[in-house]
Trainee: 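Quick one: structure below, then a few questions.
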Protein chains: 2
Amino acid sequence: MTEGPTITTIAQRAGVSIASVSRVLNGLPTREDTVRRVMRAADELGYVPNSVARSLRNRRTDQVAFAMADIGNPVYVAMVREIQPMLKEAGYRLLIHSTDGDAEDELGVLRGLRERYVDGLIISPLRGVTEEHVRAIVAARAPVVVIGALPVGMPEGAPVDNVRTDSRTGVRLALDHLYAIGRRRIGFLNGPLDTVPGAARAAAYREALEALGLPYDEDLVEVGDFYRDSGARAARALLSRVPGLDALMCANDLIALGALDVLREHGRDVPGDVAVVGMDDTDLASVTWPTLTSVSLGSAERGRAAATLLLDRLQNGPREPRVTVVRPSLTVRGSTAVPGLPGTAGDGR
Amino acid sequence: MTEGPTITTIAQRAGVSIASVSRVLNGLPTREDTVRRVMRAADELGYVPNSVARSLRNRRTDQVAFAMADIGNPVYVAMVREIQPMLKEAGYRLLIHSTDGDAEDELGVLRGLRERYVDGLIISPLRGVTEEHVRAIVAARAPVVVIGALPVGMPEGAPVDNVRTDSRTGVRLALDHLYAIGRRRIGFLNGPLDTVPGAARAAAYREALEALGLPYDEDLVEVGDFYRDSGARAARALLSRVPGLDALMCANDLIALGALDVLREHGRDVPGDVAVVGMDDTDLASVTWPTLTSVSLGSAERGRAAATLLLDRLQNGPREPRVTVVRPSLTVRGSTAVPGLPGTAGDGR
DNA sequence: CATCCAGCCGTAAACGTTTACCGATCGCAC
DNA sequence: GTGCGATCGGTAAACGTTTACGGCTGGATG
């Protein structure tokens with residue numbers, strides 16, 4: 001495998017020094033004649049600069065990583081879709097880490113920052129930012145944007161920005177809506193409580209019920225995973241325990257899919273017998289039958305915000321940490337559509 | 001921003017040469033005592049090797065790129081889901097290029113190989129592999145796996161493997177099935193003809209009709225894009241032109257989604273009035289209403305196969321090119337389910 | 001004609017590793 | 001006590017760039 005040409009090869013061919021070659025290729029002021037000779041040699045040799053050598057010298061890799069739990073989750077896909085073009089536009093390549101929600105893996109990514117293979121990182125840690133995460137980030141001294149909750153006690157000067165949504169309000173929006181269409185026995189299918197969204201949504205569910213003057217009933221809550229089959233299992237369990245429930249609040253759209261499967265299986269009409277609300281408002285929500293009312297947590301916006309914050313740091317250097325909050329909103333679709341009631345569509349299901 | 005420790009720092013602290021440090025860190029045989037001193041110093045300093053310097057020296061980056069048209073397309077997501085863990089397992093990081101189907105962009109990725117920022121590439125070129133693609137691959141001298149069709153005239157010794165599916169057979173499976181359930185006026189919603197899948201599926205549709213003894217009717221064909229809204233537009237056009245059609249063959253699941261939207265909008269029963277078949281058998285297919293019969297082109301398998309081929313080359317060096325063909329299969333679901341007919345399920349819709 | 005300055009460009013160092021090569025040291029055998 | 005071989009570790013080069021520094025050339029100026 002013949003090695004490609006380097007600036008040394010070009011220098012020889014053009015009869016100049018490697019310094020001149022480099023200057024020409026980087027557009028630094030050079031005599032017209034030299035420029036021509038170098039350009040000609042470079043063209044003839046089909047020269048392409050070695051990005052690794054350049055990175056070593058320049059101390060930047062022009063690469064950015066995005067670490068998330070699972071690239072199969074439409075939420076993260078939506079983020080990547082926003083992040084990738086923005087980074088490309090700014091001249092950065094994008095690395096993907098799918099950590100499977102494994103805390104060790106997440107830490108590995110953060111620690112990996114010290115290997116300096118990327119200039120910055122966007123991370124969405126499922127299990128939350130621990131003491132150790134923080135230490136790793138500080139030690140890395142590379143800009144990091146965390147999508148999700150950040151602990152209160154971030155040390156001064158850590159190069160960390162934060163993008164978050166307000167899932168508390170999100171859950172609140174959903175329950176208010178369910179209440180408004182007359183539902184009172186509202187089940188809750190949650191994800192693991194040791195994840196950030198899981199914990200937040202559990203608390204939010206309780207709070208929202210209280211605000212509505214509804215009793216909190218442990219029997220109405222089922223905890224599983226953030227996947228479709230897990231959602232189905234949870235829904236089955238919940239339905240057999242509380243056959244009379246009239247609504248299901250699901251901690252994400254995948255869980256809601258599972259719930260819809262089970263409701264259909266049991267011959268329950270949605271939303272007639274049971275209304276269903278998902279969260280994340282993924283592409284799936286407009287595809288299901290009936291289409292799924294879902295709380296949008298602004299995945300695309302969060303992706304954009306994260307990329308914006310990171311690029312700003314990369315391009316303009318250190319500054320005080322920033323936080324961007326994305327407001328949730330409710331998209332009402334068929335799974336809660338009750339004819340004749342305000343704010344709902346009678347068809348569209 | 002204090003710079004991190006390098007092997008030089010360690011060497012000083014441990015009172016040895018950088019060569020010894022490197023040897024210890026790489027596990028080469030060294031005196032017990034030296035090992036301890038170096039390890040101790042490295043630990044105390046929290047040393048992490050600089051991956052860029054290592055790459056420069058070793059002439060490998062431990063990075064692999066995957067280039068596809070659109071990370072939003074579930075087909076590619078399915079591939080990434082398989083590719084990422086396999087690469088991680090083998091110690092490679094994954095770079096993502098979403099080229100938006102732009103031929104220039106694709107070429108840019110291939111040319112970028114010469115910058116040596118990755119050790120290998122998996123690419124799924126929407127517009128097909130042109131002369132120029134081939135030149136870029138040969139010039140790169142880095143292993144490439146192409147998912148999709150490869151031109152016949154690949155030059156000897158180009159380090160290219162190929163993974164393909166047989167969409168001809170795929171379309172055939174779908175049309176045979178539609179014929180079997182009694183459909184005779186089968187519309188076809190295709191993607192752009194200047195894409196590889198688009199062209200292949202157009203030809204396959206014609207062929208399959210012929211094999212079934214059905215006439216080819218241009219009026220039954222609509223060409224758009226591989227997206228949902230485009231599918232909807234195409235379906236609308238087709239329905240108004242040929243109101244009597246009894247089946248729709250869609251060139252991918254997204255198009256099928258659009259078609260289902262329009263059929264519902266027009267009050268046509270699926271599959272009663274119109275049966276619908278998609279292609280790619282994405283996650284979406286089991287979510288729609290009715291669930292979507294779809295031709296699986298084995299996205300996950302193709303991803304796995306591509307990763308396998310690439311890793312083999314990376315780990316075992318040059319060898320003759322290989323081709324892996326993934327067989328399509330038909331997954332029958334609600335959108336073609338006709339009660340009482342063999343091979344179809346009466347419920348499940 | 002001497003001096004100065006500007007403009008070019010070449011030499012060399014640096015980025016942080018890995019590794020070929022060789023010299024030093026030690027133990028052992030004679 | 002000498003010599004030999006094995007073992008260990010240090011020096012230096014190499015990977016392919018960028019860039020500080022200084023030397024050379026030429027023209028302009030006094």
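These figures come from a predicted structure and were not determined experimentally. By convention in this document, chain letters (A, B, ...) are assigned in the order of the sequence lines, proteins followed by strands, and residues within each chain are numbered from 1.
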Trainee: Enumerate the side chain to side chain donor-acceptor pair (under 3.5 Å) contacts for residues 16-27 of chain B, please, sequence neighbours excluded, ordered by first and then second residue.
Mentor: B:S22-B:N26
Trainee: Please list, chain by chain and in numerical order, all residues satisfying side-chain hydrogen bond (donor to acceptor under 3.5 Å, both in side chains) with A:E44, sequence neighbours excluded.
Mentor: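 Listed in chain order: A:R13, A:R40.
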Trainee: Does A:L95 have any side-chain contact (heavy atoms from CB on, under 4.5 Å) partners at least two apart in sequence or in another chain, and if so, which?
Mentor: A:Q63, A:A65, A:Y117, A:V118, B:Q63, B:R93, B:L95
Trainee: Across the strands shown, which category fits B:V52 at heavy-atom distances under 4.0 angstrom: base, sugar-phosphate, nothing?
Mentor: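 Contact class for B:V52: none.
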Trainee: Can you give the donor-acceptor pairs under 3.5 Å from side chains of residues 68-82 of chain A to other protein atoms, not counting sequence neighbours?
Mentor:
from  : atom 1 : to     : atom 2 : distance (Å)
A:D70 : OD1    : A:G72  : N      : 2.7
A:N73 : OD1    : A:V75  : N      : 2.9
A:E82 : OE1    : A:R304 : NH1    : 2.9

Trainee: Taking DNA chain D as the partner, which of residues 29-38 of chain A come within under 4.0 angstrom of it by heavy atom?
Mentor: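 Residues of residues 29-38 of chain A that come under 4.0 Å of DNA chain D do not exist, since none gets that close.
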Trainee: Hey, what bend do you get for the helix from C:dC1-D:dG30 to C:dC30-D:dG1 if you fit axes on five pairs at each end, rounded to 10°?
Mentor: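 Here the local axes at opposite ends form an angle of 70°.
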Trainee: Which parts of nucleotides 15-27 of chain D does protein reach within less than 4.0 Å, heavy atoms only, written one letter per nucleotide 5' to 3' as B for base, S for sugar-phosphate only and - for none?
Mentor: BBBBB--------
Trainee: Salt bridge (charged side-chain N to carboxylate O under 4.0 Å, His left out) with A:R57: which residues, sequence neighbours excluded?
Mentor: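 In terms of salt bridge (charged side-chain N to carboxylate O under 4.0 Å, His left out), with neighbours along the sequence ignored, A:R57 is linked to no residue.
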Trainee: Quick one: list whatever passes salt bridge (charged side-chain N to carboxylate O under 4.0 Å, His left out) with B:R59, sequence neighbours left out.
Mentor: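 Only A:E3 meet the salt bridge (charged side-chain N to carboxylate O under 4.0 Å, His left out) criterion with B:R59.
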Trainee: For A:R114, give me all partners under salt bridge (charged side-chain N to carboxylate O under 4.0 Å, His left out), at least two apart in sequence or on another chain.
Mentor: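 For A:R114 there are no salt bridge (charged side-chain N to carboxylate O under 4.0 Å, His left out) partners, ignoring immediate neighbours.
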Trainee: The criterion is salt bridge (charged side-chain N to carboxylate O under 4.0 Å, His left out); which residues satisfy it with B:R54, sequence neighbours excluded?
Mentor: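 B:R54 satisfies salt bridge (charged side-chain N to carboxylate O under 4.0 Å, His left out) with no residue once adjacent residues are dropped.
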Trainee: The criterion is side-chain hydrogen bond (donor to acceptor under 3.5 Å, both in side chains); which residues satisfy it with B:R36, sequence neighbours excluded?
Mentor: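 In terms of side-chain hydrogen bond (donor to acceptor under 3.5 Å, both in side chains), with neighbours along the sequence ignored, B:R36 is linked to B:E32.
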Trainee: For B:N162 and B:R164, which I'm curious about, is there any donor-acceptor pair between the side chains at under 3.5 Å?
Mentor: yes
